[in-house]
Amino acid sequence: MLAMVRCCLRDAEPGEELLLFGYAPPVAAGPYREIGPVFAHALHCSGPESTGSYPAAWQGRGQVLRAYDRRGRIHDGRRHDGADPESVIAELLADPEVRQLHSRNVVHGCYMFAVDRAEE
């Protein structure tokens, strides 16, 4: 089984020791707050290559981008095929009500990572 490791945003290598635990994605308390399973390295991980751009390993990977407002309520969402996720992110963040996006697995809806609106 292929596992996406949330601490570094890459696919796990065969034989890597992982932890599986429940995680609540960063969203304001409310009816859309949830806890779901995530994998992380069992030992120290240096984290993602960059936090200022879309993860290179995710280019070409279809995802659902779920948009949340400042109250933590779902405001909008889009599915993309991975070819140009940055344009979908820009489109969703063009709405001034949107404060955060969650990238989620297309099939199971698992949380992958968040994109926050830059402070103005």
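Residues take their numbers from the sequence shown, with the count starting at 1.
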Ring pair (Phe, Tyr, Trp, His ring centres under 6.0 Å): pairs with one or both residues in residues 63-94, sequence neighbours excluded:
Tyr68-His102
Any residue meeting side chain to side chain contact (heavy atoms under 4.5 Å, CB included) with Cys45, in chain and number order, not counting sequence neighbours:
Cys7, Cys8, His41
Please name the pair of heavy atoms, one in Thr51 and one in Pro48, separated by the smallest distance, quoted to 0.1 Å.
CG2-CG, 3.9 Å
From CG (Leu18) to CZ (Phe39), nearest 0.5 Å
6.5 Å
Could you list who else is in Leu43's hydrophobic cluster, with ILVMFWY side chains joined at under 4.5 Å, directly or through other members?
none
Not counting sequence neighbours, which residues clear salt bridge (charged side-chain N to carboxylate O under 4.0 Å, His left out) with Asp76? List them please.
Arg78
Do you know which two heavy atoms are closest between Ser50 and Gly52, and how far apart they sit?
OG-N, 3.0 Å
Among residues at least two apart in sequence or on other chains, which ones pass side chain to side chain contact (heavy atoms under 4.5 Å, CB included) with Arg79?
Val64, Val106
Sequence neighbours excluded, every pair satisfying salt bridge (charged side-chain N to carboxylate O under 4.0 Å, His left out) that has a member inside residues 23-43
Glu34-Arg66, Glu34-Arg104
With Asp116 via side chain to side chain donor-acceptor pair (under 3.5 Å) - residues at least two apart:
Gln100
To the nearest 0.5 Å, what is the distance between CG on Asp69 and CZ on Arg99?
9.0 Å
Is any NZ, NE, NH1 or NH2 atom of the basic residue among Asp11 and Arg61 found under 4.0 Å from an Asp or Glu carboxylate oxygen of the other?
yes
Salt bridge (charged side-chain N to carboxylate O under 4.0 Å, His left out): which pairs involve residues 12-30, sequence neighbours left out?
Arg10-Glu16
Side-chain heavy atoms nearer than 4.5 Å, only ILVMFWY residues, links allowed to pass through others: does that put Tyr23 and Leu9 together?
no
Applying side chain to side chain contact (heavy atoms under 4.5 Å, CB included), name anything that partners Glu86, two or more places apart in sequence or on another chain.
Tyr54, Gln59, Asp84
Listed partners of Leu19 passing side chain to side chain contact (heavy atoms under 4.5 Å, CB included), at least two apart:
Phe21, Ala42
Just so I know, are the side chains of Pro37 and His108 near enough to count as touching, which here means a heavy-atom distance under 4.5 Å?
no
Other cluster members, Ile35 - Ile/Leu/Val/Met/Phe/Trp/Tyr, side-chain contacts below 4.5 Å
none
Can you check side-chain contact (heavy atoms from CB on, under 4.5 Å) on Val38 and Val5, steps first, answer last?
CA-CA 7 Å; Val38 297; Val5 187; over 6 Å; no
For the hydrophobic clusters of this structure (ILVMFWY residues joined by side-chain heavy atoms under 4.5 Å, transitively), does one cluster hold both Leu101 and Tyr111?
no
Do Trp58 and Pro85 have side chains that approach each other closer than 4.5 Å (heavy atoms only, starting at C-beta)?
no
Residues in side chain to side chain donor-acceptor pair (under 3.5 Å) with Asn105, at least two apart?
none
